[in-house]
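Counting starts at 1 for both ligands and their atoms, in listed order. Computed from a predicted structure; not experimentally measured.
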Amino acid sequence: MKRWSTRDSAKIYNLPNWGDDFFSINKKGHMCVHPSPSSKYSIDLRALVDDLIKRNIKPPILLRFMDVLQGRIAAINRAFKNAIAEYEYPASYQTFFPIKVNQQRQVVEAIAHYGKKHHMGLEVGSKPELVAAISFATGEKLPIICNGYKDNDFIEMVLYATRIGYDITIVVEKLFELEKVIALSRQSGIVPKLGIRVKLSSKGTGKWATSGGDEAKFGLKISELLAAVEILKEHDMLDTVKLLHFHIGSQITKIDKIKNALIEGTRIYVEMRKMGVGLEYMDIGGGMGVDYDGSKSSDFSSANYTIDEYANDVVYQVKNICDEAGVSCPNIISESGRATVAHYSVLVTNILNTNTQNALPEFDEILENADELSPTVRKLVDIYKSLDRHSLRVDYHDTIQLIQEAVSLFNLGYLNLHDRALAEWLCSKIFIKISGIVERLKSVPDEFQEFQLSLRQTYFANFSLFQSLPDSWAIDQLFPIVPIQRLNEKPDIMASIADITCDSDGEITSFVGENGRTDYLPIHKIEAGEDYYVGFFLIGAYQEILGDLHNLFGDTNAVHVSFNRKTNYKIDTVINGDATWESLKYVQYKGPEILKHVRDTLEKGVASRKISFEETSHFLELLDKALVSYTYLGSI
Ligand SMILES: *Cc1c(COP(=O)(O)O)cnc(C)c1O
């Protein structure tokens with residue numbers, strides 16, 4: 001048989017198709033991260049994690065690769081730059097990063113910093129997000145676009161921000177907002193920079209299709225748009241409207257949906273310009289998809305186009321329609337959040353396998369000497385010995401029948417516990433043998449496809465699905481999951497990945513495989529005492545902020561890593577995950593009060609001589625230690 005190579009591993013995890021050349025496997029069989037696509041430099045993930053553990057940073061660890069973030073920003077801007085050159089587009093392109101996708105200060109800071117040369121801006125959708133954006137924009141002169149519901153305070157803050165020099169566009173989502181903006185603008189004498197969001201009848205695809213279309217939550221209907229133009233005209237404010245906005249949903253899987261929206265949106269732009277509205281920008285919202293499973297399909301975890309195709313389509317469609325109408329082209333803005341940040345973070349954690357397989361009793365000798373066994377068990381021994389490709393189906397059915405028979409005999413008192421254990425043991429040996437045969441079949445009958453799945457093991461990983469991969473739980477989104485070591489060895493085991501919450505939903509049973517979605521993760525058998533880690537990839541968008549405190553598992557440790565030519569990598573910063581007292585604080589418990597209460601209660605036991613003060617003191621020490629330590633599992 002051919003030796004297993006790292007190339008085989010790359011194939012079964014579909015790495016080349018979702019990694020966008022940021023990830024690869026090195027000669028040692030370790031996963032690597034590249035600072036830019038296909039760069040000859042790389043950071044060995046396993047070596048990095050080993051170093052972090054030596055620095056006493058414990059898993060689960062969220063790794064944020066700043067170079068990857070920079071690489072994605074560059075890729076999106078390059079795609080638009082090329083498209084603009086190719087179609088001789090006479091205006092510009094800018095990304096406004098929608099900070100709801102990842103509001104972490106260090107992330108937005110990095111975007112503000114790297115994005116400067118691409119004139120990136122920030123998009124906000126709430127008052128707290130506006131405050132966050134304003135904190136960056138002071139030093140960095142970042143432009144801001146405000147979407148979302150707005151109250152008087154929000155609008156007033158935006159107006160005064162405009163007055164004191166911020167470049168800030170307020171997007172009207174509802175007619176009543178327009179009336180508020182006009183009233184507050186008159187009152188303060190401040191001229192706003194306005195945008196108008198329209199509801200297109202074009203819809204996206206997949207999970208977020210209803211962000212577009214007539215029943216969308218936000219935006220003005222076309223009749224409302226005309227009413228808005230009238231109101232603005234009345235107040236002589238038509239020239240304050242600089243931006244037309246639409247957003248048809250996130251993760252749009254089909255390029256033709258994007259085309260339809262662009263055609264409709266640009267037609268609206270053209271008509272509004274003809275009506276004398278001072279539009280200069282067209283903001284096409286978010287929706288640029290990430291191909292999580294690498295299938296380049298219209299599955300909702302994929303996208304059937306690349307960044308380049310997206311940029312080309314946008315630029316081409318807008319230019320075409322504007323040229324036809326004889327209206328000058330707008331500067332194009334996209335609010336691509338997912339596509340900007342998905343790639344740059346990776347969660348790594350340890351598998352907690354306790355290797356119960358190795359602890360099974362040794363029954364092997366009965367295979368040699370089966371004479372004295374009960375007839376049921378003896379029949380199983382015979383099947384195990386004679387099983388081959390030709391007898392597969394019959395032997396499989398007989399085995400199932402025999403194991404049921406063993407349970408019945410046990411319940412009736414005809415089989416002892418030892419023989420029942422033997423029957424169980426033989427059954428799993430037979431199943432493993434069947435599985436080996438099935439794997440080599442050219443075409444696998446339906447019955448055995450299900451059978452293979454029934455052999456799937458559960459690997460426990462030290463993390464909470466609800467905290468770290470909420471979309472995997474909520475909407476069954478796929479994220480690539482790959483062991484970060486031993487990729488030069490064949491992974492023999494099919495597994496699901498369960499988390500450590502006490503929730504049966506905390507299990508991943510869909511994975512990125514060679515041909516799209518699969519029901520199991522190929523993974524290695526873990527040796528006793530081995531430290532074995534898996535990486536969860538492409539989790540930089542939405543997952544951090546949507547995560548919750550199920551079972552009080554808190555934020556994970558996060559480490560910002562950048563590439564360094566001399567030392568390979570540099571740790572920019574370490575952000576400690578929540579300690580137990582921090583998780584408890586969200587639900588109104590106070591660490592010191594817990595300690596005090598427990599101590600006082602225990603003293604009563606000491607007074608009545610039920611327990612010694614040494615015992616209570618040791619217990620309080622343990623409690624104190626638990627409060628200040630990580631919410632995830634330590635050594636087991
Ligand atoms: C959520 C949102 C985005 C981000 O969409 P992505 O698909 O992540 O790029 C952009 N604009 C608006 C208005 C949004 O609500």
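Below 4.0 Å from some heavy atom of Q251 lie the following atoms of ligand 1, by number and element: 7 (O). The G287 neighbourhood of ligand 1 comprises atoms 5 (O), 6 (P), 7 (O), 9 (O), with distances under 4.0 Å to a heavy atom of that residue. Numbered from 1 in the order shown, with element, the atoms of ligand 1 that lie under 4.0 Å from a heavy atom of Y542 read 1 (C), 4 (C), 5 (O), 6 (P), 8 (O). Those atoms of ligand 1 with a heavy atom of E123 less than 4.0 angstrom away are 13 (C). For ligand 1, the atoms lying closer than 4.0 Å to a non-hydrogen atom of G286 are 5 (O), 6 (P), 7 (O), 9 (O), 10 (C), 11 (N). For ligand 1, the atoms closer than 4.0 angstrom to any heavy atom of N147 are 13 (C). Less than 4.0 angstrom separates some heavy atom of S336 from each of these atoms of ligand 1: 9 (O).
Sequence neighbours left out, the pairs with a member in residues 64-112 that pass ring-ring contact (aromatic ring centres under 6.0 Å, His included) are F80-Y93, Y87-Y316.
At a 4.0 Å heavy-atom cut-off, ligand 1 touches R197 through the side chain alone. At a heavy-atom cutoff of 4.0 Å, ligand 1 is contacted by both the backbone and the side chain of S250. The residue F218 has no part lying near ligand 1, judged by heavy-atom distances below 4.0 Å. Heavy atoms of R338 found under 4.0 angstrom from ligand 1 belong to the backbone as well as the side chain.
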For residues 226-234, run the donor-acceptor check on the side chains, cut-off 3.5 Å, and write out each pair with its distance to 0.1 Å, sequence neighbours left out.
none

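Heavy atoms of A339 stay at 4.0 angstrom or farther from ligand 1. Residue contacts with ligand 1 leave out G125, since none of its heavy atoms falls under 4.0 Å from the ligand.
Checking each of V482, V346, L469, V348 against F536 for a side chain to side chain contact (heavy atoms under 4.5 Å, CB included) leaves exactly one that passes, namely L469.
From L175, atom CG reaches atom CD of E224 across 5.0 Å, with rounding to the nearest 0.5 Å.
For atom 1 (C) of ligand 1, the nearest protein heavy atom (residue, atom name, distance) is K100 NZ, 1.3 Å. The single protein non-hydrogen atom nearest to atom 9 (O) of ligand 1 is G337 N, 2.8 Å, given as residue, atom name and distance. Distance from atom 12 (C) of ligand 1 to its nearest protein heavy atom, with residue and atom name: E335 OE1, 3.4 Å.
In this structure a side-chain-to-backbone donor-acceptor pair under 3.5 Å is present from Y632 to G554.
Ring geometry for F537 against W18 counts as tilted: the plane angle lies between 30° and 60°, on a 0 to 90° scale.
A salt bridge links D20 with R72; the closest basic N to acidic carboxylate O contact falls under 4.0 Å. Using a 4.0 Å cut-off between charged nitrogen and carboxylate oxygen, E544 and R64 count as a salt-bridge pair. Salt-bridge annotation for E309 and K296: present, with a side-chain N of the basic residue lying under 4.0 Å from a carboxylate O of the acidic one. The pair D151-K127 meets the salt-bridge criterion, with a side-chain N (NZ, NE, NH1 or NH2) lying under 4.0 Å from an Asp/Glu carboxylate O.
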